[in-house]
Protein chains: 2
Amino acid sequence: MVTMKEIAQQTGVSVSTVSLVMNGRDGGRVKPDIAAKVRKVAQILGYQVNPMARSLRTNHTRMLGFISEEVATTPYAGGIIKGAQDAASRLGYMMISVSTDGDADEDEEIAALKRYGVDGFYYAKMSNRVTRVPRSLMDMPLVLVDATDPEGRFPSIEPDEFRIAYDATTRLIEAGCERIAYVGCSENMIAQDGRLAGYHAALEESGAGYSERLVANVLNNGPALNAVSELFDREQPDGFFCFNDARAWYVYECAARRGLTIGKDISVVGVDNHRVFAETLEPQLTTVELPHYEMGFWATCKLVSIIENRSLDDLELPHTTAPLPPLDAPIPAKIHCALIEKHSVRS
Amino acid sequence: MVTMKEIAQQTGVSVSTVSLVMNGRDGGRVKPDIAAKVRKVAQILGYQVNPMARSLRTNHTRMLGFISEEVATTPYAGGIIKGAQDAASRLGYMMISVSTDGDADEDEEIAALKRYGVDGFYYAKMSNRVTRVPRSLMDMPLVLVDATDPEGRFPSIEPDEFRIAYDATTRLIEAGCERIAYVGCSENMIAQDGRLAGYHAALEESGAGYSERLVANVLNNGPALNAVSELFDREQPDGFFCFNDARAWYVYECAARRGLTIGKDISVVGVDNHRVFAETLEPQLTTVELPHYEMGFWATCKLVSIIENRSLDDLELPHTTAPLPPLDAPIPAKIHCALIEKHSVRS
DNA sequence: ATGAAAGCGCTAACAG
DNA sequence: CTGTTAGCGCTTTCAT
């Protein structure tokens with residue numbers, strides 16, 4: 001490991017000077033030619049800062065702590081974490097992610113991360129829920145991910161559920177469907193409200209109109225299948241927007257039993273949580289992919305902007321809001337969704 | 001942040017003494033009563049070591065670097081990472097996991113982790129493959145996870161594919177199946193060889209005998225479905241062992257089309273990769289869950305044992321090899337599998 | 001414009 | 001047994 005001392009010796013200057021140069025703090029303080037020489041020697045020797053030594057003085061480590069639960073059991077997590085990590089890496093940060101089982105070890109893990117000197121925290125839930133933020137996090141730079149603080153004190157990154165549903169439903173409308181059903185979730189989830197509203201809005205706006213009779217909010221297993229089955233027979237829908245791919249599966253099953261082919265006799269758009277169908281059958285239903293990666297990515301940007309007290313735009317990372325794919329394609333396609341960025345109260 | 005200095009002042013001793021006590025290196029070196037006093041003051045003040053400051057002297061950080069690819073896209077990763085992290089946390093280590101896209105950023109991420117001073121690395125692939133270990137990892141304590149080094153130079157933790165298949169097939173035999181098919185994977189994967197062998201062995205041992213005609217190695221989508229369909233009609237199997245749940249899905253689909261009920265007319269055991277079925281339908285097929293968590297857990301233990309140059313048994317962690325569930329249960333049940341621990345060549 | 005010196009929190013060699 | 005001293009690699013006054 002090359003140290004500043006070595007560079008100093010090689011160049012014939014003091015460590016202080018090297019430090020100044022390596023941190024870009026020369027500028028009327030170090031003669032340009034000597035600065036250049038330092039840089040060159042550093043280059044040749046392959047100098048890398050030692051973040052630990054630096055942190056001892058500066059009290060910041062460029063490490064970020066990612067706290068989440070359930071990571072082990074949900075496939076969603078990967079995308080968020082990957083996105084967060086990518087952005088961190090680009091911004092010169094290191095992300096340490098820790099998943100907890102319950103409140104018990106949560107505080108322990110947070111304490112451990114604090115000991116290691118992380119500069120800020122993500123607090124993530126897998127699938128948007130109203131969430132109590134741990135006390136121990138409140139005095140730190142903090143961003144919520146896929147979670148909602150009841151009092152709105154902390155910035156959060158959440159998928160735009162309304163737009164997801166609005167887009168998906170519009171897709172069905174433009175595909176020519178006239179009786180569009182919604183197979184939703186009967187659990188109390190934030191996503192459910194937004195999606196139902198988006199579905200509703202899209203229908204109203206198109207002039208097709210909304211009817212409660214076309215909505216089935218279900219849970220799972222047999223009862224869910226029966227409810228969808230009943231919807232099938234009662235309303236004979238020609239299009240379905242499904243809360244997730246488990247729900248899409250019920251539609252798939254009902255269609256199969258009635259000899260109907262998805263993509264031909266009926267159209268289905270499902271929000272993709274598990275990417276099951278893509279791996280098992282020829283693509284027959286259109287899937288809308290949740291913007292997990294983007295959420296993670298933006299969470300990092302927001303968090304770093306708080307830590308460094310800079311505006312988001314200063315970070316110079318591409319504001320990628322990918323364009324929507326054409327609506328007439330019967331094949332699966334990703335829809336990237338806008339992110340809602342709540343106000344940040346921290347000073 | 002409480003420092004040793006403060007404890008020293010409060011107690012009226014020197015920092016050295018405090019350091020000795022806090023590291024348990026008193027023992028004939030510090031008078032018991034003064035050691036006790038130090039400990040008490042530390043307790044009251046809520047002292048926590050500063051790992052960064054410590055690492056500056058000791059050159060070890062108690063941080064572990066977890067390198068993997070594909071984490072974002074596979075649900076398997078979570079279990080491994082959770083297991084690894086749990087063990088790390090119990091052993092007083094912090095795990096930093098980083099997932100890479102390709103070789104390009106892999107070396108960069110490794111370099112970053114080295115800068116941060118990690119003590120050792122995991123190198124993980126999602127689903128066992130023969131793997132080239134990056135040069136930059138070779139001079140570090142290293143454990144492969146779900147990956148195989150062609151030259152067997154590094155310790156690795158892999159699922160015992162043979163036993164997985166052997167157990168699953170035995171389960172079908174004991175359930176009374178007489179024509180047991182294997183729906184495998186036609187890609188060249190290590191798991192495939194082991195599973196086919198385990199299936200084979202279980203059949204031979206039971207006296208039922210093995211027939212190639214009952215084996216269908218498939219890829220996915222339509223062709224896979226057709227192949228399974230053909231197997232169905234040609235051999236009329238009454239039991240199926242499936243490489244993963246995508247393959248089990250083809251069997252499910254074929255059964256449904258023929259009016260057969262799984263768990264009644266035919267029996268199916270599938271290796272569970274996505275936990276799809278549990279979320280969609282009443283449990284009808286038996287799933288074997290891969291021991292991802294355990295692999296991660298043991299990987300950490302192995303890695304730490306290398307780093308600290310201790311034997312695995314010294315680590316004092318429970319050697320949990322959970323007992324197999326009863327074989328006559330028609331409901332899904334986890335089968336925990338033994339782990340293969342390859343020899344470690346590092347000195 | 002540059003360097004010397006102090007110190008971040010901790011460990012370890014060496015005195016006493 | 002305990003304290004003094006030095007130093008890990010870096011940043012940051014403060015002299016020069």
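Lettering follows sequence order; numbering is per chain, from 1.
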Item checked: Whichever of B:Ile34 and A:Val2 has its nearest DNA chain D nucleotide further upstream toward 5' ->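 The answer here is B:Ile34.
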
What integer distance in Å separates [X]:[atom1] from [N]:[atom2]?
{"X": "A:Asn59", "N": "D:dT12", "atom1": "CG", "atom2": "C1'", "value": "13 Å"}
{"X": "A:Arg54", "N": "D:dC10", "atom1": "CZ", "atom2": "P", "value": "9 Å"}
{"X": "A:Gln48", "N": "D:dC10", "atom1": "CD", "atom2": "P", "value": "11 Å"}
{"X": "A:Tyr47", "N": "D:dC10", "atom1": "OH", "atom2": "C1'", "value": "7 Å"}
{"X": "A:Lys5", "N": "D:dA6", "atom1": "NZ", "atom2": "P", "value": "14 Å"}
{"X": "A:Met1", "N": "D:dC8", "atom1": "CE", "atom2": "P", "value": "15 Å"}

Is it true that the side chains of [X] and [Y] contain a donor and an acceptor less than 3.5 Å apart?
{"X": "B:Thr58", "Y": "B:Ser55", "value": "no"}
{"X": "B:Arg54", "Y": "B:Asn23", "value": "yes"}
{"X": "A:Ser16", "Y": "A:Ser19", "value": "no"}
{"X": "A:Ser99", "Y": "A:Glu69", "value": "no"}
{"X": "A:Tyr293", "Y": "A:Asp86", "value": "yes"}
{"X": "A:Thr300", "Y": "A:Tyr122", "value": "yes"}

Checklist line | Boundaries of the chain B footprint along DNA chain C (any atom under 4.0 Å from a heavy atom) | finding: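 Taking any atom under 4.0 Å from a heavy atom of chain B, the span is C:dG9 to C:dA12.
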
Margin query: Just to be sure I understand the geometry, which residues of residues 14-32 of chain A put a non-hydrogen atom under 4.0 Å away from DNA chain C?
Written below: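 The stretch gives A:Ser14, A:Ser16, A:Thr17, A:Gly28, A:Arg29, A:Val30, A:Lys31 as the residues lying under 4.0 Å from the strand, ordered by number.
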
Note to self: With a 4.5 Å cut-off on side-chain heavy atoms, are A:Ile157 and A:Glu294 touching?
What the structure shows: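 Side chain of A:Glu294 against side chain of A:Ile157, heavy atoms only: no contact under 4.5 Å found.
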
Next item on the list: Please say whether more than 12 non-hydrogen atoms of neighbouring residues, nucleotides or ligands are located less than 6.0 Å from CZ in A:Arg29.
Entry: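 Not more than 12 within 6.0 Å, no.
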
Next item on the list: Given side-chain contact (heavy atoms from CB on, under 4.5 Å), test B:Val98 with A:Gln85 step by step and report yes or no.
Entry: CA-CA 7 Å; B:Val98 155; A:Gln85 188 212 293; 3.7 Å; yes

Margin query: Please determine whether side-chain contact (heavy atoms from CB on, under 4.5 Å) holds for the pair B:Glu106 and B:Tyr123, giving the CA-CA distance in whole Å, both sets of side-chain angles, and the decisive distance to 0.1 Å.
Written below: CA-CA 11 Å; B:Glu106 188 175 79; B:Tyr123 190 65; 2.9 Å; yes

Notebook entry, point to check: Could you give the angle between the helix axes at the two ends of the helix from C:dA1-D:dT16 to C:dG16-D:dC1, with five pairs per end, rounded to 10 degrees?
Noted result: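 For the helix from C:dA1-D:dT16 to C:dG16-D:dC1, the axes at either end differ by 50°.
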
Notebook entry, point to check: Stepwise, does the salt bridge (charged side-chain N to carboxylate O under 4.0 Å, His left out) test hold for B:Asp26 with B:Arg39?
Noted result: CA-CA 11 Å; B:Asp26 59 316; B:Arg39 262 185 271 271; 3.0 Å; yes

Next item on the list: With heavy atoms under 4.0 Å as the rule, sort A:Gly12 into base, sugar-phosphate or nothing.
Entry: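 Here A:Gly12 touches the backbone only, sparing every base.
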
